[in-house]
Each structure stands twice: as C-alpha cells, then as structure tokens.
Amino acid sequence: LAVWLVVTAIYGWLLYRLQGCCHGVVYAALLFVLCALPRLAVLALHHYIPTNDFANYLLYGQCFVQGDFAPAADLIANYYQMPKMGGLVVFNGLLMKLFGSSLLGLQLANILLTGGICVALYQLLKPVHRQAAWITALLWMVYPSNIVSAQIPTNHHGAVLFFLLALLL
C-alpha cells in the first residue's frame, strides 16, 4: 500500500507540473509510459497462469495464429454454446499475430491497450476540464484492478479502447 501511495503521489505531481508546459503529443506519450510502467512491473514480478475461461481465450488466439480453428470452434459450440465468441477468437488471434503467440504477447498487447485507454480518457476529458482530465488519467494509471487485469488474456481492454476512440471521433 505504501508503494502504491508513493507512486500515485509522484505520478500526480508529475502530471500536474507538466500538464501546461508539455506539447500535447509529449504529454500523451508521458501518460502512456506512466500507465505502462506499473503494468510492466507486475508482469515482471508476477507469473500469471491462465485458468478456466482465460486459458480458453489464450487457446482461441493460438488457434487463430496456427490456422487450426477446430479446438476453438469445439469449445465455443459445445462448452460455451455462444457462437458470438468467434469474435474473441479473431481479436485475440490478431493481437497474437502482432505481439507473439504466447501469453506474454497478449499481456504486452493488453498493456499497450490500457495505455491507449489512459491517453483516450485524457483526450476525451481535456476539452471539458483540463484538471479533471489528468486526474482521470492518473486514477486509471494506478487503479490496482486494472493493473492486474492487464495480465489476463481478455478482450475488455480492446472493447473499452475502441469505444473511447469512437467517442473521440
């Protein structure tokens, strides 16, 4: 808890001090990097082993990368009985094509997606209230549940990022 409070205080001080003196792109990059750092630290210090549904989500992406859809289709049809989960196969597969077909690839993709969410939140709120924008970004950066969930092979990070990007358009 003490480490989390110190990191939050340092991040808050940095964001407050730099919000007016950095160019927009530089500030967005700072938000992205500061958001990624705690997630990378958890990735380095904690070994996550996917179980249950999350192991299946990892398998979906690996099936897509290998071009063997039978295991994923069997799970979707017989275990979940949810044909719409085919989108998860494609989403995780595309991420694995870009970042590698291992759990680490999906974890790195999730870290990038959550960093993108942080920047999108800031950009969305900045025209409304600049201070609220950086505070929202700060809370997203240090929210423990989100830091941990970036290690899990799930699709909600992508869904949130695409939703926020749609709002920005």
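Heavy-atom basis, side chains included; hydrogens, waters and symmetry copies ignored.
With a 4.5 Å cut-off on side-chain heavy atoms, S149 and H156 count as touching. At a threshold of 4.5 Å between non-hydrogen side-chain atoms, the residues P50 and L103 count as touching. Under the 4.5 Å side-chain criterion, counting only non-hydrogen atoms from C-beta, Y143 is not in contact with P38.
The minimum heavy-atom distance between K126 and A133, with the atom names listed, is N-CB, 3.5 Å. Between M96 and Q62, the shortest heavy-atom contact is SD-N, 3.4 Å. Q151 approaches V42 most closely through the heavy-atom pair CG-CG1, 3.9 Å. Looking at every heavy atom in both residues, C118 comes nearest to W140 through CB-CD1, 3.5 Å. In terms of heavy atoms, I117 sits closest to H157 at CD1-O, 3.4 Å. Nearest approach of L125 to A132, heavy atoms of both residues: CD1-O, 4.1 Å.
Residue L37 is not grouped with residue I147 when hydrophobic side chains (ILVMFWY) are merged at heavy-atom distances under 4.5 angstrom, including chains of intermediate members. Taken together through direct or relayed side-chain contacts under 4.5 Å among Ile, Leu, Val, Met, Phe, Trp and Tyr, V25 and L15 form parts of separate hydrophobic clusters. Cluster annotation: W13 and I135 are assigned to the same hydrophobic cluster (Ile/Leu/Val/Met/Phe/Trp/Tyr, side-chain heavy-atom contacts under 4.5 Å, transitive). Hydrophobic clustering, with ILVMFWY side chains joined whenever heavy atoms are under 4.5 angstrom apart, groups L14 together with M141. The same ILVMFWY cluster, assembled from side-chain heavy atoms under 4.5 Å apart, contains both L139 and L30.
From L95, atom CG reaches atom OG of S101 across 12.5 Å, with rounding to the nearest 0.5 Å. One distance of note links CG of L164 with CG of L169; it measures 11.0 Å at 0.5 Å rounding.
Counting only distance, with no hydrogens or angles, the side chain of W4 and the backbone of V142 share a donor-acceptor pair below 3.5 Å.
Ring orientation note: the planes of F162 and F91 are nearly perpendicular, at an angle over 60° on the 30°/60° scale.
Between Y27 and the options F32, Y122, W134, a ring-ring contact (aromatic ring centres under 6.0 Å, His included) holds for only Y122. A side chain to side chain contact (heavy atoms under 4.5 Å, CB included) with F64 is found for exactly one of N92, V90, L59, namely V90.
Listed by first then second residue, pairs satisfying side chain to side chain donor-acceptor pair (under 3.5 Å) with a partner in residues 45-60 read D53-Y80, N56-Y80, not counting sequence neighbours.
The other residues sharing a hydrophobic cluster with L40 are L43, L104, L108, I111, where clustering joins ILVMFWY side chains under 4.5 Å apart.
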Working for side-chain contact (heavy atoms from CB on, under 4.5 Å), residues V6 and V3:
CA-CA 5 Å; V6 169; V3 171; 5.8 Å; no
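Defined by atom type and a distance below 3.5 Å, a donor-acceptor pair is missing between the side-chain atoms of N110 and R39.
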